[in-house]
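Read the structure below first, then the notes.
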Number of protein chains: 2
Amino acid sequence: MTEKSLTLQLDFHSGLPIYTQIVNQIQSQLANGILKPGDQLPTVRALASELRVNFNTVARAYRMLDEVRIISTQQGRGTFITEKPPPEVSEKLRHESLTALTHRFISEAFRLGFSEREVGQMVRDSLKSWKEANDKDDEQESNQENEK
Amino acid sequence: MTEKSLTLQLDFHSGLPIYTQIVNQIQSQLANGILKPGDQLPTVRALASELRVNFNTVARAYRMLDEVRIISTQQGRGTFITEKPPPEVSEKLRHESLTALTHRFISEAFRLGFSEREVGQMVRDSLKSWKEANDKDDEQESNQENEK
DNA sequence: CTGTATATTGTACTAATTGTATCATTGTAT
DNA sequence: ATACAATGATACAATTAGTACAATATACAG
C-alpha cells in the first residue's frame, strides 16, 4: 500500500494545538492537490508515530476532518479522503488553507517582535528572489523537500 | 525532557515580592544567555515546588513575562521563552531569523501549490487586518510599547 | 467454500499534565 | 481598625496520553 507519507511540519511552540495544525495542513494539502479524493491517509497510529505524538491526537484531528466530510474514517478499514468534495467548497478550502498558513506565519513573526513593515518587506523580497529562481528553472515538480 | 532547573535565588527578606524576583531573574538569565529562545521553562508547579512557594506565585510571574512577550505560556502545553531577541542582540541576527521564518513560510506555500501572487495578496490582506485589529482595540490592553 | 483465530484500524472513555480564574488568608502600612 | 498588596487554596479548562474495546480485514485449517 502506498501510504502517503503525508509530510506534515508541526511546530510545538507555536501555541496552536497539535490537532489544529494537523487539520490545517491536511486541508491545505487537499486543497492544493497534494492529497486527492480517494487517497488513503496514514493510520492514526502510523501518523502519530511519525509525528511523535499520541495517536489520539491524530484521531482527534481526523475526527474533526471527518465532521466536515473532508475525510471518511472507517473503523477497522482506514481513513480516506472523501470522493467528492463539493466543488464550491474546494476553492473555499484552498483559500482558507492559505489564510491559515499565512496567519500562522504572521502571528509567529509578530510574536518574535517584528513589525508589520519588516514582515511585509521581507515577504516581498523573498517572493521576488523566489520568482527569479523559478523563472530560470521552472520546476515545481521536484519541490518535495525532504526531511529526516 | 530537559527541563531547565532554572536556579533562582529568592530572598524572602528583601522586601521585593517573590513574583518580582522571579521575573527579574528570568529576564537576567535570558539576557545573559543562560536561557535561550525556545527553551521550555519548568511548569508553574515544578518551579513553585522547587522554590517552595505557591504555584500561583510562579504563575503570576509567568503571566507578567507573557504580557511583555518574553515568554509564551500555553495552557496544557507549557511555558517557553519566545524567540524575541534581546535588544542588545545584533540586528543581523534579528534579520536572519525573520529571513528564515519567511523562507519557511514561502517554501511551504509554494509546496502547497499557491502562486506568488496569491501568497503576496494574502500576506498583504493579513497584515492589514492584523493592523486594524490592533488599532481599534488591543484587547491585551497591556500594550507595553515602552521598552525597558 | 466456510468458519475461526488473529491482526489491524478507528472509537470511547479516562487519566495526567499544564496553565487560568477566583476567592481566601496573611502581613503591613496608614 | 482599615486598606491594600502578596501569597496561598481551590476549582476549572485545555491539551495530550493511556487503556480497553469494537469493527473490519486477512490468514488458514477443515
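Throughout, a chain's letter reflects where its sequence line sits, starting with A, and its residues are numbered from 1.
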For the side chain of [X], counting heavy atoms from C-beta on, which of [options] is nearest?
X       : options                : answer
A/Ile18 : D/dT16, C/dG10, C/dT18 : D/dT16
A/Thr57 : D/dG8, C/dG19, D/dA17  : D/dA17
B/Thr43 : D/dT16, C/dT18, C/dT20 : C/dT18
B/Val53 : D/dG18, D/dT7, D/dG8   : D/dG8

>> If only side-chain N and O atoms count, and only distance matters, is there a donor-acceptor pair under 3.5 Å linking A/Gln74 with A/Ser72?
In response: yes
Given atom [atom1] of [X] and atom [atom2] of [N], what is their separation to the nearest angstrom?
X       : N      : atom1 : atom2 : result
A/Leu41 : C/dT9  : CG    : P     : 13 Å
A/Ile22 : D/dT15 : CD1   : P     : 13 Å
A/Phe80 : C/dT9  : CZ    : P     : 10 Å
A/Gln74 : C/dT11 : CD    : P     : 10 Å
B/Leu16 : D/dA6  : CG    : P     : 10 Å
B/Tyr19 : D/dG8  : OH    : P     : 13 Å
B/Asn56 : D/dC12 : CG    : C1'   : 12 Å
A/His13 : C/dT18 : NE2   : P     : 15 Å

> How do A/Gly78 and A/Arg63 order along DNA chain C: which one's closest nucleotide is nearer the 5' end?
Replying inline: A/Gly78
> Between A/Thr20 and A/Gly76, which has a closest nucleotide on DNA chain D that is more 5'?
Replying inline: A/Thr20
>> Reading DNA chain D from 5' onward, which residue's closest nucleotide shows up sooner: B/Arg52 or A/Phe55?
In response: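 Closest to the 5' end, via its nearest nucleotide, is B/Arg52.
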> Do you know the tightest heavy-atom contact between B/Ile22 and B/Ala61?
Replying inline: CG2-CB, 3.6 Å
> Which nucleotide, in any strand shown, forms a Watson-Crick or G-U wobble pair with C/dT26, with both distances under 3.5 Å?
Replying inline: D/dA5
> Is the closest basic N to carboxylate O distance between B/Lys128 and A/Glu116 below 4.0 Å?
Replying inline: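 Looking at B/Lys128 and A/Glu116, the cut-off is not met.
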>> Base, sugar-phosphate or nothing for B/Arg45? Non-hydrogen atoms, less than 4.0 Å.
In response: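 Counting heavy atoms under 4.0 Å across all strands, the contact made by B/Arg45 includes a base.
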>> Under 4.0 Å, counting only non-hydrogen atoms across every strand here, what does A/Arg60 touch: a base, just sugar-phosphate, or nothing?
In response: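 Base: the residue A/Arg60, judged by heavy atoms under 4.0 Å, touches a nucleobase.
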> How are the rings of A/Phe105 and B/Phe105 set relative to one another: parallel (under 30°), tilted (30 to 60°) or perpendicular (over 60°)?
Replying inline: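 Judged by the thresholds at 30° and 60°, the geometry between A/Phe105 and B/Phe105 is parallel.
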Between [X] and [N], is there a contact of a side-chain N or O with OP1 or OP2 at under 4.0 Å?
X       : N      : value
B/Thr73 : C/dT18 : no
A/Thr79 : C/dT9  : no
A/Arg77 : D/dA25 : yes

>> With a 4.5 Å cut-off on side-chain heavy-atom distances among I, L, V, M, F, W and Y, is there a chain of contacts connecting B/Tyr62 to B/Leu16?
In response: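 B/Tyr62 does not cluster with B/Leu16.
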>> Treating A/Gln29 as the side-chain partner and B/Leu112 as the backbone partner, does any N or O pair qualify as donor plus acceptor under 3.5 Å?
In response: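 No, because the side chain of A/Gln29 does not come within donor-acceptor range (under 3.5 Å) of the backbone of B/Leu112.
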